[in-house]
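Quick note on labels: first sequence line is chain A, next is B, and so on, each numbered from 1. Just so it is clear, the structure is predicted and the values come from calculations on it, not from any experiment.
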2 protein chains.
Amino acid sequence: MPTPLASKGTTRRERLRADLIAQIKAVAVAQLEAAGPAGVSLRGIAREVGVSPAALYGYFDSLDDLFTALIVDAFNDIADAVESAVAAQPPDALGERLWAGIRAYRAWALANPSLFRLLYFSPVPGYEPPDEGEALTAALRVFVPMLATMLEGYERGLMKPPPSGPHIDASKFREYFGLDLTPDQLALSTKCWTEFHGFVALEINGHIDPHWVDAAALFAANVRSSIREMGLPLDDG
Amino acid sequence: MPTPLASKGTTRRERLRADLIAQIKAVAVAQLEAAGPAGVSLRGIAREVGVSPAALYGYFDSLDDLFTALIVDAFNDIADAVESAVAAQPPDALGERLWAGIRAYRAWALANPSLFRLLYFSPVPGYEPPDEGEALTAALRVFVPMLATMLEGYERGLMKPPPSGPHIDASKFREYFGLDLTPDQLALSTKCWTEFHGFVALEINGHIDPHWVDAAALFAANVRSSIREMGLPLDDG
DNA sequence: ATGTAAAGTCAACGGTGTTCAGATATTGTT
DNA sequence: AACAATATCTGAACACCGTTGACTTTACAT
């Protein structure tokens, strides 16, 4: 009686296959968080899983393929985190919703630094993130809840006019995201995005020195003030 | 008569050594920009330089050591670019000075994407950036001109009060940077830093889709509006 | 029970970083 | 000019890597 890991499917073969795939991914993530991108190797995984290196090629076409699978899972994971954090806030507290999503974003990054780097800084030797397919759609999922919140803010007339000009092709954007924002709204949204992502990017890569910076407090202060600057209501100080 | 590359020093040995070191670095950078971090290999460099792989160990202790040297050079290079861009503006045009530095920062990143990734996203297999030594001091150099500009803005009373609280240990900061900013000023400076770095980080890693975003225009609009929000004067629109 | 297809093994190829003994070339001194 | 010292380079070797192909074993369906 094998331990049920991700036992989906009917036949015994399918169950074993799904379990082994899950185990391979788990070992890969463990090695990634333990020793960085260089520390994850097919042979190492095979050794840990108790199988010959060549056997893994029955589950993933290549090491890059395995990384892609890891990336898709991670994108969906952080997207779930952001989504549920936003959903946990009252529907009308738009500022709180956005802040909750952003906070969940940072929290996930701090909890899974190597995976976060994998998602946004392509740190894998020779790996190029696919520009289409489920990896892209999963990547977009992360920002949909926050964009939707901002969109609602725009529709309620809460948010200030963005700085300037039509630097964004809104129809192309809509094609990908399925959200109907004007170019100006997109510009402001992008500004918000670059700000909190920029902070997390610096923090994750060790460029915000904890010796002289209280990162969590500074992140909260900066992002919350930006949210207020956009015009979304936010409680307390 | 060998081609003079970086011929410094008096004796023939020293000149040859300096030249070869420069050549090794040049080949490494070329391979880095051509094929990414995975494309740079000691054996490949040795092949191109026309020397046995083992010979390189007379110049660098390891591949990591070579990367560290590349990183130090690159930090100094981007610091030079930012410094001269700031210095090229009129001393009193503080907003223009800051904007020029930030623009130079982005321009250098776009011109040397692989090196920029090397600096800020440690994408080298197993490489961990040293937390002390010349790599750190070179890294700090990058932001000194921009911080100094903001500091002058504070001293002239131009800039608005930062959002809030003492999230930063200013004395520790002064110890490293030699600049005397209050915690509140540092908080606002960090906000500016995270914003433009965040934009460049997204752009360099391919997350700002040129299909629907005019990155240069959006960058200018967002950053310039932030500079104005801080209180620094800036010409035209 | 048997044929078929999936899954796993083994060995090999070409690549990598790194080490070390030995050969070679340059230097400073006699 | 010859020699000893020393810096430098080479060649072979080790251990690891991703990937492939031929072969064997296992599980399923009829």
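For B/Asp61 and A/Pro53, each mapped to the nucleotide of DNA chain C holding its nearest heavy atom, the one lying further toward the 5' end belongs to A/Pro53.
The nearest whole Å value for the distance from the CG atom in A/Leu63 to the C1' atom in D/dC16 is 14 Å. Rounded to an integer number of Å, the gap from B/Asp19 CG to D/dT8 P is 13 Å. The distance from atom CD1 of A/Ile24 to atom C1' of C/dA7 is 12 Å, rounded to the nearest whole Å. To the nearest angstrom, C1' of C/dA6 lies 4 Å from CZ of A/Arg13. Between the CG atom of A/Leu66 and the C1' atom of D/dG18 there is a distance of 12 Å, given to the nearest Å. Atom-to-atom, CG of B/Asp64 to C1' of C/dT16 comes out at 14 Å; the value is rounded to the nearest Å. Following rounding to the nearest Å, A/Phe67 (CZ) and D/dG18 (P) show an atom-to-atom distance of 9 Å. In this structure, CG of B/Leu56 is placed 13 Å from P of D/dT8, rounded to the nearest angstrom.
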field: side chain to side chain contact (heavy atoms under 4.5 Å, CB included) assessment of A/Trp99 paired with A/Val86
entry: CA-CA 8 Å; A/Trp99 166 236; A/Val86 170; over 6 Å; no

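For B/Val51, whose side chain is taken as the heavy atoms from C-beta onward, the closest listed nucleotide among C/dT18, C/dT9, D/dT10 is D/dT10. Across D/dT19, C/dT19, C/dT9, the shortest atom-to-atom separation from the side chain of A/Ala54 is found for C/dT9. The side chain of B/Arg17 lies closest to D/dT8, out of C/dG17, D/dT8, D/dG18. Counting only heavy atoms from C-beta on, A/Tyr57 has its side chain closest to D/dG18 among D/dG18, C/dG8, D/dT8. Nearest to the side-chain atoms of B/Arg43 among the listed nucleotides C/dT9, D/dA13, D/dC28 stands D/dA13.
Side-chain contact annotation: A/Tyr105 with A/His197, donor-acceptor N/O pair under 3.5 Å present.
Smallest separation of non-hydrogen atoms from B/Trp108 and B/Ala74: CZ2-O, 3.8 Å. Nearest heavy-atom pair across B/Phe219 and B/Ile102 is CZ-CG2, 3.5 Å.
Not less than 6.0 angstrom separates the ring centroid of A/Phe60 from the ring centroid of A/Phe67.
Phosphate proximity of D/dC17 to A/Arg47: present, with a side-chain N or O under 4.0 Å from OP1 or OP2.
Counting non-hydrogen atoms under 4.0 angstrom, A/Tyr59 reaches the backbone sugars and phosphates but no base. The residue B/Ser52 sits close to a base: some heavy atom pair falls under 4.0 Å.
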